[in-house]
Amino acid sequence: KPGEQIPTEMELASLFQVGRNSVREAINVLSHFGVVEIRRAEGTFVTDKFSKKMLDPMLYGLILQKDSAKDILELREVFDIGIINVVIDLCTPENIIKIKSAYKNLEASLMRPDANPVNILEHDIAFHSAVSSSINNKLVNEVAGYIDRITIPSRTETMKVLLGVHLQQEFLNLHLRIVEMIEKHEADKVVDVVKDHYQYWRLIGEKQKD
């Protein structure tokens, strides 16, 4: 169980009838993934708290899959639907102010004469972070951060296309709909608004291929 010490290498080797080197290698892998914690002079313990390292195997596996870009887009879509539904229930007036401020920063970055994809993406990520952090759940924030991290390359290229075909206002309107939906507690609109958001991303993706 979380927090409990596991048997020694010798005990595990005897229990599973394997060599101590195999046991040591398995423990090192579990330690690398954040499942166990090795404490010098004490032993090895099952981790009793969340670690970012636990997400790495799942995410790297997703990245390496065939058609991973499509899968990652669908992951973000499902994740955003869930987050916004919870945000609508838990969001405070202070959270609304932060979300609106993040939207204004995104708007300013998009409308600058010298707008660049990297800067726009930073403000887009900040906007979605302002939304997800309204839940005040560390695990949700960590997963959202990981999803953002693995989508940065493709989203940067998408931002270039967005600027090239002058779709800044359409991009902003999609984010404004999210702000208004949260502020007005319109839970019945979440699925449609998020799906429209990602349908737009898919459209941009098709233009990117062209």
Looking only at heavy atoms, which two atoms of [X] and [Y] are closest? And how far apart?
X      : Y      : value
Glu180 : Glu186 : O-OE1, 4.3 Å
Ala130 : Ala102 : CB-CB, 4.0 Å
Val18  : Val23  : CG2-CG2, 3.7 Å
Ile120 : Ala115 : CD1-CB, 4.2 Å
Ile83  : Val131 : CG2-CG1, 4.1 Å

So, do [X] and [Y] sit near enough that their side-chain heavy atoms are less than 4.5 Å apart?
X      : Y      : value
Glu77  : His197 : no
Glu37  : Thr44  : no
Met159 : Asn116 : no
Val143 : Phe79  : yes
Leu30  : Val46  : no
His175 : Asp124 : yes
Phe171 : Leu110 : yes
Thr47  : Pro2   : no

According to a 4.5 Å side-chain heavy-atom criterion applied to Ile, Leu, Val, Met, Phe, Trp and Tyr, with indirect links allowed, do [X] and [Y] form part of one hydrophobic cluster?
X      : Y      : result
Val191 : Ile178 : yes
Leu139 : Ile135 : yes
Leu162 : Val118 : no
Ile38  : Leu12  : yes
Phe16  : Met10  : no

- Message: Under a 4.0 Å threshold between the charged nitrogen and the carboxylate oxygen, would Lys1 count as salt-bridged to Asp48?
- Response: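 Not counted as a salt bridge, because no side-chain N and carboxylate O are separated by less than 4.0 Å.
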For the side chain of [X] and the backbone of [Y], is there at least one donor-acceptor N/O pair under 3.5 Å apart?
X      : Y      : value
Glu11  : Thr8   : yes
Ser132 : Ser129 : yes
His123 : Ser109 : no

When rounded to the nearest 0.5 angstrom, what is the spacing between [atom1] in [X] and [atom2] in [Y]?
X      : Y      : atom1 : atom2 : result
Arg24  : Glu9   : CZ    : CD    : 4.0 Å
Ile182 : Leu90  : CD1   : CG    : 11.5 Å
Lys138 : Glu142 : NZ    : CD    : 6.0 Å
Leu121 : Thr158 : CG    : OG1   : 9.0 Å
Met181 : Asp192 : CE    : CG    : 9.5 Å
Asn105 : Asn119 : CG    : CG    : 9.5 Å

Would you find more than 12 non-hydrogen atoms of other residues, nucleotides or ligands less than 6.0 Å from [X] atom [atom1]?
X      : atom1 : value
Asn136 : CG    : no
Arg112 : CZ    : no
Glu25  : CD    : no

- Task: Take Lys184 and Lys189 through the side chain to side chain contact (heavy atoms under 4.5 Å, CB included) test and state the conclusion after the steps.
- Result: CA-CA 11 Å; Lys184 295 175 183 177; Lys189 294 184 179 179; over 6 Å; no
- Item | Aromatic ring pairing Tyr103/Phe127, orientation class (parallel under 30°, perpendicular over 60°, tilted between) |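 If you compare the ring of Tyr103 with that of Phe127, the planes turn out perpendicular.
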- Task: Go through the steps for Gln169 and Met111 under the test side chain to side chain contact (heavy atoms under 4.5 Å, CB included), then give the verdict.
- Result: CA-CA 9 Å; Gln169 191 58 56; Met111 296 307 175; 3.4 Å; yes
Which pairs of donor and acceptor atoms, one on a side chain in residues 91-99, lie under 3.5 Å apart (sequence neighbours left out)?
residue : atom : partner : partner atom : Å
Thr92   : OG1  : Glu94   : N            : 3.4
Thr92   : OG1  : Glu94   : OE1          : 3.3
Thr92   : OG1  : Asn95   : N            : 3.1
Thr92   : OG1  : Asn95   : OD1          : 2.9
Asn95   : OD1  : Thr92   : N            : 3.0

- Query: Got a sec, which residues hit side-chain hydrogen bond (donor to acceptor under 3.5 Å, both in side chains) with Glu4, two or more places apart in sequence or on another chain?
  - Reply: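 For Glu4, no residue satisfies side-chain hydrogen bond (donor to acceptor under 3.5 Å, both in side chains) once neighbours in sequence are set aside.
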- Query: Which is it for Lys160 and Glu157 under the salt bridge (charged side-chain N to carboxylate O under 4.0 Å, His left out) test, yes or no, and what are the steps along the way?
  - Reply: CA-CA 5 Å; Lys160 292 178 183 177; Glu157 291 303 311; 3.1 Å; yes
- Evaluation steps, side chain to side chain contact (heavy atoms under 4.5 Å, CB included), between Gln168 and Leu172: CA-CA 6 Å; Gln168 291 97 316; Leu172 271 176; 5.7 Å; no
